[in-house]
Amino acid sequence: MAGAGKTAAVPPSVVHDRSNFLGARIPTEVDALPKHLQDLDKEAFRKLLRAVVKALEGEDSRESVRKIAESGVVPEERMSYIIAGMYTLLKEALRLPLSSLKQEVFKEDLRDLRRAELEAAAALERPQLPSIVDFKWRVDVTISTSSLARALQPSILMQMKLSDGTAYRFEVPVSKFQELRYNVALILKEMNDLEKRSVLKIQD
Amino acid sequence: MASIIKETQSIKEAVVLINGIDSGKFPRLLSRILQRLHLKAERSFSDEEEEKLQMALSLEKSNLHLVIETVSFILEQAVYHNIKPASLQQQLENIHLSPEKAEAFTQIWASSGQESIEKFRQRMFAPKKLENIGWQLSLQMSQSSQAKVKSPCAVLELGINSEDSEDSEKMFLEFNHNNLLHFYNKLETIQSQLDSLT
C-alpha cells in the first residue's frame with residue numbers, strides 16, 4: 001500500500017462493503033487533492049494530468065511541468081500538491097490488475113474521497129467537546145534541586161491549546177507519560193476493531 | 001569528602017541529646033523520620049505522637065524538636081550528596097556522635113537510603129502536573145445534521161493537579177480516528193527523545 005505512513009486520513013466507512021482502492025488509510029497527498037483541485041482551470045488540470053501520466057509511463061515530463069508552471073495559471077505550491085496527489089492516486093490505481101479495479105469502482109472511490117471532505121465540514125456542526133488545536137512539548141532533564149545535588153531526572157512539559165480557546169500547560173512525569181501513550185495506543189486499537197466490525201455488521 | 005555537617009552550637013547540643021537516647025528506641029525513630037523525609041510540607045510526627053515520644057525518650061518538648069530537626073537535617077544532607085554509608089559514619093563520628101548512634105544511622109542509610117533518594121527524584125515541583133488519565137470510546141451513529149454517521153469518537157480525560165492548592169482541573173478532549181493518530185505520532189516522537197537520553 002502506498003506508504004504515506006504516519007499522517008493519513010480514514011475514508012468514511014459507509015455505503016460499500018469493500019475498502020477504497022487506496023486502502024484503509026488514504027495518503028495525505030491524495031486526501032488533500034479535492035481541496036487543491038477546487039476552482040482549478042480545466043485546461044490546466046488536463047495538462048497536469050497528462051504530465052503525471054507521462055511520468056508514470058516512464059517518460060521525462062519535466063519540460064511539460066515547467067511550461068505549466070511558467071504559464072502562471074496555477075501557483076507553484078498548489079501545483080506541487082496537485083501533482084503529488086495525482087501521482088499517488090494514479091500509481092495506486094495502475095498497480096491493481098484491470099479485473100480488480102473496474103471503472104465504476106474507481107469513480108465511486110474518487111467520489112468517496114470528495115465526500116470525506118464534505119463530511120469533515122458537516123462534522124464541525126455537531127455538539128462536541130474541545131479538541132486540541134495546538135500541541136507543544138519539551139523534554140527536560142532536571143540536573144539538581146535543593147534536595148538533590150545530582151538528580152538527572154527527565155520530565156516532559158506539555159502545552160495544549162484547545163478549540164474552545166482554553167490553554168493548559170502542565171508537567172508529565174515519565175511514568176504518567178508511558179501510561180498516556182499506552183492508553184492512546186489502546187484506544188486506537190479499539191477504534192480499528194470498531195471500524196472493521198461496523199463495516200461488516202451494522203447495516204444501513 | 002568534605003564535611004556535610006558543620007559542627008555548630010546547635011549541632012553540638014543536639015548530639016549530646018541524641019547520644020543520651022535509649023539505643024533500643026533510636027533505630028525506630030530514625031526509620032520513621034527517613035520515611036517521611038520527602039514529604040516536605042508535613043511534619044514527621046503529629047502532636048499526639050510527639051507527646052508520646054517525649055515520654056518514651058524522656059525529652060522535653062523543645063529538646064525533642066531539636067533532636068528531630070537535627071536528625072532530619074543529617075538525613076537531608078545525606079540525600080543531597082548521595083553519600084556512601086561509610087562516609088556517613090565517618091562524618092557522624094567527626095561531630096562526636098557516639099559509635100552506636102553513628103552505627104544506627106549508617107545501618108538505616110545503607111538499607112533505605114537509595115529508596116529515599118528515589119522518592120526525592122520523583123518529586124518534581126511543577127505548578128501543574130498530570131495525575132489522572134481516563135478515556136471513553138463511542139461510535140457516533142447520527143447527529144442533527146447527518147443521519148448515518150458511524151464514526152468512532154474518543155474522549156480523553158486528563159486530570160491536572162496543582163502543586164500548592166488542592167485544586168485539580170479536568171480536561172476533556174475529543175478525538176476522531178485521524179486526530180488521535182496524529183496525537184499518537186507526536187507521543188511517539190516524545191518517546192524517541194526520551195529513549196535517546198538513556
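Note on naming: letters A, B, ... go to the chains in the order of the sequence lines (proteins, then strands), and numbering restarts at 1 for each one.
Rounding to the nearest 0.5 Å places CD1 of Ile132(A) at 8.5 Å from CG of Asn179(B). Between atom OG of residue Ser138(B) and atom CG of residue Leu194(A) there is a gap of 9.0 Å, rounded to the nearest 0.5 Å. Taking OG of Ser146(A) as the reference point, atom CZ of Phe120(B) lies at 9.0 Å (rounded to 0.5 Å). For the atom pair NZ (Lys129(B)) and OG (Ser155(A)), the distance works out to 10.0 Å, reported to the nearest 0.5 Å. Remark: Met191(A) CE to Leu180(B) CG distance equals 5.0 Å, nearest 0.5 Å. In this structure, Leu180(A) CG and Phe183(B) CZ are separated by 5.0 Å, a value rounded to the nearest 0.5 Å.
Between Val79(B) and Ser147(A), the shortest heavy-atom distance links the atoms CG1-O, 3.6 Å. For Tyr80(B) against Leu148(A), the heavy-atom pair with the smallest separation is CD1-N, 3.5 Å. The nearest pair of heavy atoms linking Met158(A) to Ile190(B) is CE-CD1, 4.1 Å. Residues His177(B) and Glu195(A) approach most closely at ND1-OE2, 2.8 Å, considering heavy atoms.
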Does the pair Gln191(B) and Gln178(A) meet the rule for a side-chain contact (heavy atoms from CB on, under 4.5 Å), with working shown? CA-CA 9 Å; Gln191(B) 182 61 48; Gln178(A) 303 302 357; 3.1 Å; yes
Run the side-chain contact (heavy atoms from CB on, under 4.5 Å) test on Leu173(B) and Leu129(A) for me, step by step, so that the C-alpha distance in whole Å, both residues' side-chain angles and the decisive distance to 0.1 Å come before the verdict. CA-CA 6 Å; Leu173(B) 305 170; Leu129(A) 287 167; over 6 Å; no
Starting from the C-alpha separation in whole Å, work towards a yes-or-no answer on side-chain contact (heavy atoms from CB on, under 4.5 Å) for Tyr184(B) and Ile187(A). CA-CA 10 Å; Tyr184(B) 183 71; Ile187(A) 304 173; over 6 Å; no
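Looking at Arg138(A), neither its backbone nor its side chain comes within 4.5 Å of chain B, counting heavy atoms on both sides. Glu169(B) touches chain A through its side chain: at least one heavy atom from C-beta onward sits under 4.5 Å away, while N, CA, C and O do not. For Leu137(B), the part lying near chain A is the side chain, with the backbone staying farther off; criterion is any non-hydrogen pair under 4.5 Å. The parts of Leu188(A) that come within reach of chain B are both its backbone and its side chain, each placing non-hydrogen atoms under 4.5 angstrom from that chain. Ile117(B) touches chain A through backbone and side chain together, each having a heavy atom under 4.5 Å away. Interface residue Val139(A): only side-chain heavy atoms are found under 4.5 Å from chain B. Residue Ile160(B) touches chain A through its side chain alone, counting heavy-atom pairs closer than 4.5 Å.
The closest donor-acceptor contact from the side chain of Lys176(A) to the backbone of Glu131(B) lies under 3.5 Å. Judged by distance alone, the side chain of Arg181(A) and the main-chain N or O of Leu187(B) form no donor-acceptor pair under 3.5 Å.
Residue Ile143(A) qualifies as open at atom CD1: its count of foreign heavy atoms under 6.0 Å is 12 or below. For Phe172(B), the CZ atom counts as densely surrounded, since its 6.0 Å shell holds more than 12 non-hydrogen atoms of other residues, nucleotides or ligands. The number of heavy-atom neighbours closer than 6.0 Å to CZ of Phe45(B), taken from other residues, nucleotides and ligands shown, is above 12. Other residues, nucleotides and ligands contribute only 12 or fewer heavy atoms inside 6.0 Å of the CZ atom of Arg28(B).
Applying the ring-ring contact (aromatic ring centres under 6.0 Å, His included) test to pairs two or more places apart or on separate chains, none has a residue in residues 145-169 of chain A.
The residue among Ser131(A), Ala151(A), Ser144(A) with the most heavy atom pairs within less than 4.5 Å of chain B is Ala151(A). Between chain A and the options Gln136(B), Met171(B), Glu76(B), heavy-atom pairs under 4.5 Å are most frequent for Met171(B). Top candidate by heavy-atom pairs under 4.5 Å with chain B, chosen from Leu157(A), Thr142(A), Val141(A), Ile156(A), is Ile156(A).
Asn161(B) is not listed as a side-chain neighbour of Phe170(A), based on a closest heavy-atom distance of 4.5 Å or more.
Not a single ring pair (Phe, Tyr, Trp, His ring centres under 6.0 Å) links Phe177(A) to another residue, sequence neighbours left out.
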